[in-house]
Amino acid sequence: MSTTQVDRLDTPTSRVAPHVSRYASGSLIASHTHDTLQVLYARSGTLQVRVRQHVCVVDPGRAALIPPGMEHAIRVREDTEMASLYCSNAALPDEFRSVAVSPMTQELILRTVERSSEHAFRADRHVHLLGLLFEELRTPALTIPRIHLPNDRRAARVCEEVLKSPADHPHLERLAERAGASPRTINRLLRRELGLSFRQWRQQVMMNMAIDALLQGASVSNVAIELGYTSVSAFSYAFRCWTGVSPTAYGKPQNNHVTQ
């Protein structure tokens, strides 16, 4: 892992500090907090960010907004170049959310990372750049469902195994056995805590995978095939049930989308 960091948050004029890091697939970043709001973005690769009992995905199509003082951990699913901004006085919502990144928002994030790395950077001389970035990050257009996790350790272990390799389709019987429970028990725990069966919870994960692929330019038909649906219409129906919109909405440049 290589890291580049510029930290000037304590100076009188600066409201933004960048942090650029590279992580290998499989890396784990232990639970930690920051004193300022973090805009976490992946220029390449894929991350899973966990906050309490929620997980969101960060990749070239999505960023995470992590409020100050909020404990979070990160799992690196693919070799990743991470680009973060630590922002004070940014007037952004004080809640954990996943924001879909349009081409314009991507350019704003990367340009802000580049500009704020310069020694002579002063936020008061870049009010238009920062103002537009913050406006894009706080203005929702579509929703990205978060992945919810149970508290029970057995059910949580089953869910964590799925999240490690979401493209695989292991049988619940095998996962439950590893967790020291029966499939019936896992389903009962998930229904009690999340209101979902294991099959429904895993479909939630698959819909998040679909959003990943659609935001990165994959066609709806290809995504449907990759996820094992027998037809595009069946996939579109399931997708609309979870997100409230057609999958084509995520395949077109949008402003921003935030988690429910």
Side-chain angles (χ1 to χ4, degrees), residues 1-43 45-60 62-101 105 108-110 112-113 116-117 121 123 130 133-134 136-138 140 144-153 156-157 159-160 163-164 193-194 208 256-260:
M1 177 185 77
S2 62
T3 301
T4 303
Q5 184 171 11
V6 180
D7 188 2
R8 295 190 302 280
L9 285 172
D10 294 329
T11 62
T13 57
S14 181
R15 293 186 301 165
V16 176
H19 182 103
V20 179
S21 309
R22 293 179 177 84
Y23 293 92
S25 176
S27 298
L28 296 174
I29 302 175
S31 188
H32 62 286
T33 63
H34 303 289
D35 293 333
T36 58
L37 181 140
Q38 181 184 12
V39 179
L40 176 59
Y41 180 63
R43 191 196 303 256
T46 306
L47 309 167
Q48 287 178 346
V49 184
R50 178 166 181 170
V51 173
R52 301 190 183 100
Q53 300 309 117
H54 300 99
V55 173
C56 76
V57 175
V58 172
D59 56 26
R62 288 189 270 187
L65 305 185
I66 306 172
M70 181 166 285
E71 193 168 322
H72 59 284
I74 299 172
R75 180 189 300 275
V76 182
R77 279 177 27 189
E78 303 172 2
D79 291 351
T80 296
E81 183 177 358
M82 182 193 299
S84 287
L85 291 168
Y86 296 95
C87 311
S88 57
N89 303 319
L92 292 171
D94 190 23
E95 61 178 338
F96 173 57
R97 55 171 58 189
S98 173
V99 181
V101 175
T105 306
L108 287 169
I109 292 174
L110 297 180
T112 302
V113 168
S116 58
S117 297
F121 174 80
L130 296 177
L133 171 61
F134 296 154
E136 285 294 298
L137 291 175
R138 69 172 168 258
I144 296 179
R146 261 189 318 228
I147 300 171
H148 301 270
L149 297 175
N151 286 302
D152 183 271
R153 62 174 182 80
R157 182 174 177 182
C159 294
E160 291 285 0
L163 290 174
K164 285 179 183 178
E193 294 195 33
L194 306 180
N208 270 265
N256 281 81
H257 328 283
V258 299
T259 55
Q260 296 173 324

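As the structure is a computational prediction, the values presented were derived from the model and not from experiment. Numbering starts at 1 and runs along the sequence shown.
- Here the CD-CD1 distance, from Gln48 to Ile147, works out to 6.5 Å after rounding to the nearest 0.5 Å.
- Glu71 pairs with exactly one of Ile66, Val51, Thr33 by the side-chain contact (heavy atoms from CB on, under 4.5 Å) rule, that one being Thr33.
- Between the side chain of Thr36 and the main chain of Pro68, no donor-acceptor pair closer than 3.5 Å is present.
- Between the side chain of Arg22 and the backbone N or O of Ala24, no donor-acceptor pair lies under 3.5 Å.
- Ring geometry for His32 versus His72: interplanar angle of 30 to 60°, hence tilted.
- Shown here for Leu47 and Val76, the closest heavy-atom pair between the two residues is CD2-CG2, 3.7 Å.
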Apply side-chain contact (heavy atoms from CB on, under 4.5 Å) to residues Leu85 and Leu133 and explain how you reach the verdict. CA-CA 11 Å; Leu85 291 168; Leu133 171 61; 3.8 Å; yes

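- Scanning both residues, Arg62 and Ala100, for their nearest heavy atoms gives CG-CA, 4.1 Å.
- Using a 4.5 Å heavy-atom threshold, the side chains of Cys56 and His54 count as separate.
- Counting all heavy atoms, side chain and backbone alike, Val99 lies closest to Leu137 at CG2-O, 4.0 Å.
- A 4.5 Å side-chain heavy-atom check between Leu163 and Arg75 finds every atom pair outside the cut-off.
- For the pair Gln53 (side chain) and Pro150 (backbone), a donor-acceptor distance under 3.5 Å is present.
- Within 6.0 Å of the CG atom in Asp79, the count of heavy atoms belonging to other residues, nucleotides or ligands exceeds 12.
- Residues Val101 and Tyr41 approach most closely at CG2-CE1, 3.9 Å, considering heavy atoms.
- Here the straight-line distance linking atom CG of Leu65 with atom CZ of Arg97 works out to 6.5 Å at 0.5 Å rounding.
- In this structure, the side chain of Ser98 does not engage the main chain of Ala64 through any donor-acceptor pair within 3.5 Å.
- Residues Asp152 and Glu193 share a closest heavy-atom pair of N-OE2, 3.0 Å.
- Within the 4.5 Å cutoff, the side chain of Glu160 has heavy atoms near those of the Leu149 side chain.
- In this structure, the side chains of Arg52 and Met70 come closer than 4.5 Å at one or more pairs of heavy atoms.
- Between His34 and Tyr86, the distance separating the two ring centers is shorter than 6.0 angstrom.
- Listed here is the closest heavy atom pair of Val58 and Val49: CG2-CG2, 3.8 Å.
- Using a 4.5 Å heavy-atom cutoff, the side chains of Ile74 and Met82 are in contact.
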